[in-house]
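To keep things clear, I will list the structure first and then write my remarks on it.
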Amino acid sequence: MVLSHAASESDVSVHSTFASRYVRTSLPRFKMPENSIPKEAAYQIINDELMLDGNPRLNLASFVTTWMEPECDKLIMSSINKNYVDMDEYPVTTELQNRCVNMIAHLFNAPLGETETAVGVGTVGSSEAIMLAGLAFKRKWQNKRKAEGKPVDKPNIVTGANVQVCWEKFARYFEVELKEVKLSEGYYVMDPQKAVDMVDENTICVAAILGSTLNGEFEDVKLLNDLLVEKNKETGWDTPIHVDAASGGFIAPFLYPELEWDFRLPLVKSINVSGHKYGLVYAGIGWVIWRNKEDLPEELIFHINYLGADQPTFTLNFSKGSSQVIAQYYQLIRLGHEGYTNVMENCRENMIVLRKGLEKTERFNIVSKDEGVPLVAFSLKDNSSHTEFEISDMLRRYGWIVPAYTMPPNAQHITVLRVVIREDFSRTLAERLVIDIEKVMRELDELPSRVIHKISLGQEKSEANSDNVMVTVKKSDVEKQRDIIIGWKKFVADRKKTSGIC
């Protein structure tokens with residue numbers, strides 16, 4: 001979806017140096033060209049532009065898997081032309097999806113009998129999974145209210161302010177009020193007591209997060225369940241829980257098997273998890289699992305007579321590739337409990353290495369927790385001179401993509417940097433990152449502080465008036481640009497004096 005301007009008026013063509021061996025004319029940037037070009041030229045033009053993308057392995061902002069074994073890559077490429085929705089034509093692929101659903105349901109301790117099959121579906125990610133789970137909760141709530149002769153026009157859902165944007169999308173798209181528990185400094189997840197206090201007869205569910213994207217922390221689903229059980233007894237309601245385990249669903253069963261967060265808790269009716277995060281599959285696969293058949297209203301399931309077979313479907317889309325489903329099955333049988341445990345333990349150990357390295361600098365406060373998603377969220381102890389955003393920007397010069405962001409309400413005055421530890425982030429890389437962060441901090445120490453920088457950039461200068469009293473006067477744009485150029489020239493010149501020969 002294009003929301004921004006396509007290009008400036010002077011930049012409407014695509015040029016490629018090496019592709020000129022095959023084609024000399026430039027290509028229109030936003031219109032289909034009239035003529036064909038050689039396949040070598042098309043490849044080279046696109047490849048040249050893609051070189052300017054960041055390195056996925058050094059993208060420490062993302063939870064999404066960036067490396068898989070070559071054998072799995074082969075399986076992905078061999079099935080890339082299969083449309084998953086053609087279940088009758090690709091019955092084995094459908095069978096593999098069903099196996100994945102059952103494996104994940106057992107991993108989440110779904111109360112299944114010996115011969116009972118799990119209820120769930122593969123999706124393109126946790127966002128679609130959450131939409132489907134939310135729709136199931138809304139329809140169950142509507143059916144119950146209609147049977148009691150009560151209005152169904154004001155459904156709401158209770159979450160923490162730390163939820164991912166897909167929850168806001170669900171609320172807006174499907175006309176459900178989103179009631180958010182605000183955060184506070186030092187407590188960056190949903191408070192279970194405050195969440196339960198916000199529940200009313202129109203609440204379709206309470207959404208808990210197993211692995212906040214802000215600091216990796218697991219919310220206390222067990223306490224939420226216990227408090228909600230008591231409130232349901234007092235009120236006669238049956239408000240359920242959904243667990244958004246997008247990040248933590250493939251971590252908790254292996255690192256914290258005794259932690260009760262899943263279907264062991266009676267009010268947990270559905271769970272989503274991202275296969276493309278710590279499920280260790282490339283982007284494009286998520287899962288949603290329901291406790292039992294009663295928790296997924298039958299009227300939401302479509303039965304389609306397509307290409308000669310009855311096909312039950314509960315998705316927001318129709319066609320999609322089979323590759324990621326097959327890749328997920330590969331990982332589940334290739335790694336097993338032992339392999340996933342080894343991967344997650346290694347991620348946690350590398351997280352500890354990075355955290356200790358940052359603590360040793362004595363420049364940062366660690367915001368993330370030891371128990372949770374393996375990531376390190378940290379902020380400057382002193383940000384009076386420079387900010388976390390400057391650190392993030394300067395780290396890109398070394399190839400690292402480390403995001404800086406402010407916390408949601410009511411902790412928006414807190415800014416943090418976050419490094420996600422994935423399987424392909426080694427101890428060597430963790431140690432290298434600490435070294436580069438120390439370099440950045442030394443460079444920032446040599447730069448003018450924010451206060452001085454604000455005066456040169458921002459915007460103001462001091463002059464004496466006719467009474468010899470100092471007053472602040474806004475600088476013109478020309479003056480601002482001149483001051484910036486002079487400041488940076490001086491900084492570069494000073495660096496040359498001390499840097500020696502490269």
Side-chain angles (χ1 to χ4, degrees), residues 85 101 104-105 108 110-112 116-159 163-180 195 198-209 224-225 228-229 231-232 235-246 262-263 265-273 286-304 310-318:
V85 78
V101 166
I104 296 169
F108 296 167
L112 300 173
E116 191 176 0
T117 58
V119 181
V121 66
T123 63
V124 293
S126 275
S127 292
E128 184 189 5
I130 284 168
M131 303 285 175
L132 298 178
L135 283 171
F137 282 119
K138 183 180 179 182
R139 183 56 59 90
K140 280 205 72 175
W141 174 82
Q142 287 174 327
N143 291 344
K144 184 174 185 292
R145 298 277 292 180
K146 287 176 182 177
E148 295 171 348
K150 297 178 180 178
V152 296
D153 59 328
K154 294 182 179 180
N156 69 67
I157 188 168
V158 176
T159 71
V163 291
Q164 219 263 356
V165 69
C166 59
W167 284 100
E168 298 177 39
K169 288 183 178 181
F170 167 75
R172 188 177 301 178
Y173 294 167
F174 297 105
E175 298 181 319
V176 176
E177 179 191 0
L178 187 66
K179 299 171 72 172
E180 292 185 339
M198 296 176 74
V199 169
D200 58 32
E201 64 178 348
N202 293 317
T203 302
I204 63 174
C205 80
V206 180
I209 302 178
L224 175 65
N225 178 87
L228 203 49
V229 165
K231 182 154 189 172
N232 285 344
T235 60
W237 305 333
D238 56 358
T239 308
I241 295 172
H242 174 85
V243 179
D244 179 357
D262 51 19
F263 292 121
L265 304 175
L267 292 183
V268 174
K269 303 299 183 182
S270 56
I271 301 171
N272 70 276
V273 64
W287 304 92
V288 57
I289 311 294
W290 283 271
R291 186 183 192 87
N292 52 50
K293 293 180 179 178
E294 290 72 31
D295 295 309
L296 176 56
E298 176 65 29
E299 62 264 35
L300 292 179
I301 302 172
F302 287 82
H303 293 268
I304 300 170
D310 175 67
Q311 299 179 12
T313 176
F314 179 39
T315 60
L316 295 181
N317 62 302
F318 198 59

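Between the side chains of N202 and E177, no donor-acceptor pair is found at a separation under 3.5 Å. Between D238 and N232, the side chains place no donor N or O within less than 3.5 Å of an acceptor N or O (distance only, hydrogens not considered).
Checking side-chain atoms of D200 against main-chain N and O of T203 turns up a donor-acceptor pair under 3.5 Å. Proximity of a side-chain donor or acceptor of T313 to a complementary backbone N or O of F302 within less than 3.5 Å is not detected. A donor-acceptor contact shorter than 3.5 Å links the side chain of T123 to the backbone of G125. A donor-acceptor pair is defined here as one N or O able to donate and one able to accept, closer than 3.5 Å; no such pair exists between the side chain of E128 and the backbone of G286. Judged by distance alone, the side chain of R291 and the main-chain N or O of P111 form no donor-acceptor pair under 3.5 Å.
No side-chain heavy atom of V268 sits less than 4.5 Å from a side-chain heavy atom of D262. Annotation: side chain of V121 is not in contact with side chain of V101 (no heavy-atom distance under 4.5 Å). Side-chain atoms of V243 and L265, non-hydrogen and from C-beta on, never get closer than 4.5 Å to each other. Annotation: side chain of I241 is in contact with side chain of L224 (closest heavy-atom distance under 4.5 Å). Using a 4.5 Å heavy-atom threshold, the side chains of F137 and S270 count as touching. Using a 4.5 Å cut-off on side-chain heavy atoms (C-beta onward), I289 and F263 make contact. Proximity of E201 to T235: side-chain heavy atoms (C-beta onward) are nowhere separated by under 4.5 Å.
Separating the CG atom in L267 from the SG atom in C205 is a distance of 11.5 Å, to the nearest 0.5 Å. The CG atom of N272 sits 4.0 Å away from atom CD1 of I130, with the distance rounded to the nearest 0.5 Å. The CG atom of L112 sits 8.0 Å away from atom OG1 of T117, with the distance rounded to the nearest 0.5 Å. To the nearest 0.5 angstrom, S127 atom OG is 9.0 Å from D244 atom CG. Rounding to the nearest 0.5 Å places CG of D153 at 8.5 Å from CZ of R145. Rounding to the nearest 0.5 Å gives a distance of 7.5 Å between CG of N292 and CD of E116.
The shortest heavy-atom contact between V288 and A133 is CG2-CB, 4.1 Å. Scanning all heavy atoms of the two residues, the minimum distance from T239 to L228 falls at O-CD2, 3.5 Å.
Contacts of V119 classified as side chain to side chain contact (heavy atoms under 4.5 Å, CB included), with partners at least two apart in sequence or in another chain: W290, K293, L296. A171 is linked by a side chain to side chain contact (heavy atoms under 4.5 Å, CB included) to L178, counting only residues two or more places apart in sequence or in another chain. For the ring pair (Phe, Tyr, Trp, His ring centres under 6.0 Å) test, residues two or more places apart in sequence or in another chain that qualify with W167 are H242. Applying the ring pair (Phe, Tyr, Trp, His ring centres under 6.0 Å) test to Y173 and every residue at least two apart in sequence or in another chain returns nothing. Evaluation of the salt bridge (Lys or Arg N to Asp or Glu O under 4.0 Å) rule for K150 yields E148 as partners, not counting sequence neighbours. Taking the ring pair (Phe, Tyr, Trp, His ring centres under 6.0 Å) definition, one finds that F108 meets it with W261, sequence neighbours left out.
Between K138 and E175 there is no salt bridge, since none of the side-chain N atoms of the basic residue sits less than 4.0 Å from a carboxylate O of the acidic one.
In the displayed structure, K169 atom NZ is contacted under 6.0 Å by at most 12 heavy atoms of other residues, nucleotides or ligands.
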**Q.** E298 and R139: CA distance, side-chain angles, deciding distance, side-chain contact (heavy atoms from CB on, under 4.5 Å) verdict
**A.** CA-CA 10 Å; E298 176 65 29; R139 183 56 59 90; over 6 Å; no

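For the pairing with E180, the side chain to side chain contact (heavy atoms under 4.5 Å, CB included) check across I157, T159, V158 returns one residue only, T159.
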